[in-house]
Amino acid sequence: MNPVEVTTHALTADRFDDFEQLLGPKGGYGGCWCMLWRLGKKDFDETRGEGTRARMGALVEAGPPPGVLAYDAETPVGWASVAPREVFVRLASSRVLKPIDDRPVWSVSCLYIARSHRRRGVSVGLLRAAVELARIHGAQCVEGYPVAPQKTSYPVSYAWTGFRELFVRAGFQEVARGSPTRPIMRFELTGEDGGR
């Protein structure tokens with residue numbers, strides 16, 4: 001497929017309808033509404049679907065933006081979730097993705113691309129926009145937790161954290177690997193204001 005030029009915007013309240021349009025009536029992967037890592041397992045299981053959609057809506061209303069949307073012209077075609085690591089409570093219990101040091105980091109926890117726009121460069125633009133959003137809010141380092149499959153065909157639905165190669169193309173570097181297929185990638189931001 002041909003690459004596509006996209007624009008990106010932080011997910012603010014005036015763009016929540018676009019987020020809903022992108023994730024569709026099922027809310028992305030199985031009613032998640034990108035709340036899987038933000039909630040404990042019990043809380044997520046009890047609210048999955050309409051409850052997680054409402055919680056994401058409340059997050060967007062309260063601010064700061066919980067991520068960025070990508071657009072092809074006026075159509076929303078991609079999403080990346082980014083926030084301080086401590087926001088994603090499920091990361092705290094992950095042995096594979098445990099912190100590698102005590103630095104405060106922001107985390108890109110999810111990438112969601114419309115089926116029509118997969119393999120067209122949308123993810124790389126979203127990752128760069130997620131880094132910029134984190135920088136604006138004072139981040140010094142942004143992490144991602146993509147998959148690095150050992151086989152050539154890998155179901156996209158299992159790669160909602162992205163693929164390693166996409167992070168490399170967006171300027172991230174691998175800093176650790178808790179398992180053979182789960183690297184931890186970092187994008188370093190330096191300077192007093194977090195600028196590169």
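Sequence positions, counted from 1, serve as the residue numbers for this chain.
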K.L.:
Could you list all the ring-ring contact (aromatic ring centres under 6.0 Å, His included) pairs where at least one residue sits in residues 55-75, not counting sequence neighbours?
P.N.:
H9-Y71

K.L.:
Any non-hydrogen side-chain atom of F44 less than 4.5 Å from a side-chain atom of R38?
P.N.:
no

K.L.:
Parallel, tilted or perpendicular: which one describes the rings of Y145 and W37, with boundaries at 30° and 60°?
P.N.:
tilted

K.L.:
Please list all pairs passing the salt bridge (Lys or Arg N to Asp or Glu O under 4.0 Å) test where one or both residues lie in residues 92-109, with sequence neighbours left out.
P.N.:
D101-R186, R103-E188

K.L.:
Mind checking whether D43 and R55 have side chains closer than 4.5 Å, heavy atoms only?
P.N.:
yes

K.L.:
Would you check if V60 and R15 make a side-chain contact, meaning some heavy-atom pair closer than 4.5 Å?
P.N.:
no

K.L.:
Please collect all ring-ring contact (aromatic ring centres under 6.0 Å, His included) contacts where either partner lies in residues 82-114, sequence neighbours excluded, each pair once.
P.N.:
Y29-Y112

K.L.:
Kindly give the heavy-atom pair with the smallest separation between A80 and L111, and that separation in Å.
P.N.:
CB-CD2, 3.5 Å

K.L.:
Check the surroundings of atom CD in Q173: do more than 12 heavy atoms from other residues, nucleotides or ligands lie under 6.0 Å from it?
P.N.:
no

K.L.:
Here's a test for you: under side chain to side chain donor-acceptor pair (under 3.5 Å), which of R48, K41, K42 qualifies with D45?
P.N.:
K41

K.L.:
Below 4.5 Å, heavy atoms only, C-beta onward: do E174 and I184 meet side chain to side chain?
P.N.:
no

K.L.:
So, applying side-chain contact (heavy atoms from CB on, under 4.5 Å) with L127, which one of V82, V142, V122, V108 is it?
P.N.:
V108

K.L.:
Do the side chains of H137 and P65 get nearer than 4.5 Å, heavy atoms only?
P.N.:
yes

K.L.:
Looking at G125, is its backbone amide N or carbonyl O close enough to the side chain of T8 to form a donor-acceptor pair, meaning the two atoms are under 3.5 Å apart?
P.N.:
no

K.L.:
Within the 4.5 Å heavy-atom criterion, are W160 and L36 side-chain neighbours or not?
P.N.:
yes

K.L.:
Treat each ILVMFWY residue as a node, draw an edge where side-chain heavy atoms are under 4.5 Å apart, and state whether V89 and M56 are in one component.
P.N.:
no

K.L.:
Would you say the side-chain atoms of R118 pair up with the backbone N or O of I113, donor to acceptor, closer than 3.5 Å?
P.N.:
yes

K.L.:
Do W79 and P66 have side chains that approach each other closer than 4.5 Å (heavy atoms only, starting at C-beta)?
P.N.:
yes

K.L.:
Taking V105 as the starting point, is it possible to reach V68 by hopping between hydrophobic residues whose side chains are less than 4.5 Å apart?
P.N.:
no

